[in-house]
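Accompanying notes for the structure given below.
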2 protein chains.
Amino acid sequence: MSNPDTKTRILNEAQRLIHAYGYQGFSYKHIAERLGLRNAAIHYHFPNKADLGTAYVERLLTQFSGYRDHLNQKYANDPVLRLQRLTAIPLNYLSTPGMTCPLGMLEADIRFLPAPMLQATHALGQAMRAWLAEILEQGRALGVMQFHGDAKTKALASWAMLQGASLMAASHDVELYEQVVNQLFTDLRIDNAAQETL
Amino acid sequence: MSNPDTKTRILNEAQRLIHAYGYQGFSYKHIAERLGLRNAAIHYHFPNKADLGTAYVERLLTQFSGYRDHLNQKYANDPVLRLQRLTAIPLNYLSTPGMTCPLGMLEADIRFLPAPMLQATHALGQAMRAWLAEILEQGRALGVMQFHGDAKTKALASWAMLQGASLMAASHDVELYEQVVNQLFTDLRIDNAAQETL
DNA sequence: TTGACAACTTACCTACTAGTAAGTAAGCTT
DNA sequence: AAGCTTACTTACTAGTAGGTAAGTTGTCAA
């Protein structure tokens with residue numbers, strides 16, 4: 001291979017563009033121009049846009065799974081810390097102005113996603129909601145979080161909140177997302193001292 | 001005027017298409033085909049796409065303001081009922097499969113909105129959040145709702161939740177939105193009897 | 001040194017986008 | 001009847017989209 005990581009560079013650039021403009025907001029031409037390639041070169045590595053999009057989501061899923069497993073092991077008995085890390089994920093993206101986090105982004109563009117990409121996206125969403133439910137359940141069991149109703153439903157609602165907040169933050173400012181996360185912690189009656197370390 | 005309401009028919013069709021596919025997901029061609037007109041006829045009534053989009057949001061804002069004022073008058077002393085009506089708004093849209101409610105839709109497409117449309121959208125969002133904050137504040141004052149922290153922040157978080165939920169519901173099913181609304185009511189410690197009437 | 005393969009490029013295609021210029025037919029106004 | 005206006009149509013533009021077929025170049029293995 002003359003340039004072993006062109007494929008990776010394409011994927012990286014696609015990710016950047018997806019986070020900035022969404023799935024249907026970027027084109028092969030955009031990638032080609034940024035990387036000094038021609039349109040057809042992208043098609044060589046990713047025959048069609050759905051392949052590229054699916055590769056992007058699958059990489060996200062792999063990254064997320066690794067991070068989740070790592071935190072589950074490292075902070076096995078500290079659901080509050082794990083929740084802090086979970087809610088901090090979008091901040092990595094939102095800190096760059098004009099960038100949305102994948103959470104909200106994919107949900108916003110969901111109508112345009114090709115079938116295989118949609119499937120991968122649903123898998124990612126489900127994995128994240130399941131993790132959140134697990135954290136909440138343990139938090140309540142240990143007495144460090146308080147909430148009413150089923151943990152899964154609470155996780156779903158909290159998830160919707162984070163997703164909505166990350167979308168709003170992308171078009172306003174990051175501070176908005178932080179306010180919502182603070183409210184989430186307040187609602188869960190997590191004491192402020194722990195919240196400070198966020 | 002030979003056909004006085006062509007303009008309105010265009011706006012109606014644009015609304016339908018925006019709710020189904022988003023702002024950048026519909027074209028003049030789609031409208032023209034549905035209405036048996038030519039592309040240029042749309043341009044005659046709405047010189048460019050931004051004009052059409054802005055007209056759509058402004059009509060939404062007018063409709064919302066009217067509805068809010070009406071409910072504020074009718075249920076001036078019943079914030080729970082007003083909250084139920086507010087959270088029921090997206091259901092009108094979500095009940096048709098494949099349709100998103102304007103709430104989530106506009107937020108999802110926000111990166112593509114032309115300036116004047118963006119302004120109108122922000123005005124609409126702010127109006128709805130302000131109304132929600134007002135309802136929550138009154139609810140807590142009357143002792144029919146319970147929550148911690150500032151009412152405005154709680155409104156922001158709840159708003160993010162509803163927005164996220166309406167987006168998710170559009171790609172899954174309405175029941176998901178209803179679950180999230182139920183959780184919101186549970187979190188606010190609103191008694192179940194009242195909730196039944198939702 | 002030949003051949004195969006990887007990693008491209010050139011050149012092209014069809015479909016669609018928003019938008020425009022010019023023309024037309026009907027109706028209203030004076 | 002003349003002229004203006006409304007509400008369009010026909011025909012077009014420039015630009016972008018995703019995608020493809022065929023050719024080119026460099027590297028490596030036999």
Side-chain angles (χ1 to χ4, degrees), chain A residues 1-57 105-106 108-118 120, chain B residues 1-18 20-57 106 108-118 120:
Chain A
M1 289 191 275
S2 64
N3 193 343
D5 42 49
T6 295
K7 192 168 182 173
T8 307
R9 282 169 61 222
I10 292 172
L11 201 50
N12 290 343
E13 189 57 26
Q15 169 154 347
R16 205 189 63 85
L17 288 165
I18 288 173
H19 292 165
Y21 309 112
Y23 177 72
Q24 89 292 15
F26 84 96
S27 72
Y28 274 40
K29 198 186 171 195
H30 293 139
I31 297 179
E33 276 167 4
R34 289 269 308 187
L35 300 184
L37 294 170
R38 297 312 169 111
N39 202 328
I42 323 285
H43 281 284
Y44 171 75
H45 290 286
F46 299 96
N48 56 57
K49 208 183 172 183
D51 293 323
L52 179 52
T54 307
Y56 153 76
V57 183
M105 179 81 286
L106 289 171
D109 282 349
I110 207 127
R111 294 151 285 136
F112 304 100
L113 305 187
M117 198 177 160
L118 190 70
Chain B
M1 288 189 276
S2 64
N3 191 343
D5 43 50
T6 295
K7 192 169 181 173
T8 306
R9 283 169 62 224
I10 291 172
L11 200 50
N12 290 344
E13 188 57 26
Q15 170 155 346
R16 207 190 61 85
L17 288 165
I18 288 172
Y21 309 112
Y23 177 71
Q24 88 293 11
F26 84 95
S27 71
Y28 274 38
K29 197 187 171 196
H30 293 140
I31 297 179
E33 276 167 5
R34 289 270 306 189
L35 299 185
L37 294 171
R38 297 313 168 113
N39 203 328
I42 323 286
H43 282 285
Y44 170 75
H45 291 286
F46 300 95
N48 57 56
K49 208 181 171 183
D51 293 322
L52 179 51
T54 307
Y56 153 75
V57 183
L106 289 170
D109 282 349
I110 207 131
R111 293 152 286 135
F112 304 99
L113 305 186
M117 198 179 162
L118 191 69

For atom OH of Y23(B) and atom P of dT17(C), their distance in whole Å: 14 Å
Closest nucleotide among dT17(C), dC8(C), dA17(D) to the S27(B) side chain: dT17(C)
Spacing of I10(A) atom CD1 relative to dA6(C) atom P, expressed in whole Å: 16 Å
Length of the line joining D5(B):CG and dT6(D):P, which is rounded to integer Å: 17 Å
Whole-Å gap separating C1' (dA22(C)) and CG (N39(B)): 16 Å
Sub-4.5 Å side-chain heavy-atom contact between I10(B) and Y44(B): no
Over all atoms of both residues, closest heavy-atom pair of L11(A) and A55(A): CD1-CB, 3.9 Å
Phosphate contact (dT17(C) OP1 or OP2) by H30(B) side-chain N/O below 4.0 Å: yes
N/O (side chain, R38(B)) to phosphate O (OP1/OP2, dT10(D)) under 4.0 Å: yes
Length of the line joining L37(A):CG and dT24(D):P, which is rounded to integer Å: 20 Å
Which nucleotide in dT10(D), dA17(D), dT9(C) has an atom nearest any side-chain atom of K29(A): dA17(D)
Value in whole Å for how far the P atom of dT9(C) lies from CG of L35(A): 11 Å
Sugar-phosphate only, base, or nothing, as touched by F46(A) at under 4.0 Å among non-hydrogen atoms: nothing
Y44(A) side-chain N/O to dC8(C) phosphate OP1/OP2 under 4.0 Å: no
Y28(A) (side chain) donor-acceptor with N48(A) (main chain) under 3.5 angstrom: yes
Heavy atoms of other groups near F26(A) CZ, more than 12 under 6.0 Å: yes
T6(A) side-chain N/O to dA7(C) phosphate OP1/OP2 under 4.0 Å: no
Between dC13(C) (P) and Y28(A) (OH): distance, integer Å: 21 Å
Between dT17(C) (P) and Y21(B) (OH): distance, integer Å: 12 Å
Main-chain N/O of Y23(B) paired with K49(B) side-chain donor or acceptor, under 3.5 Å: yes
Phosphate contact (dT9(D) OP1 or OP2) by H43(B) side-chain N/O below 4.0 Å: no
Under-4.0 Å side-chain N/O to phosphate OP1/OP2 contact, H45(A) with dA6(C): no
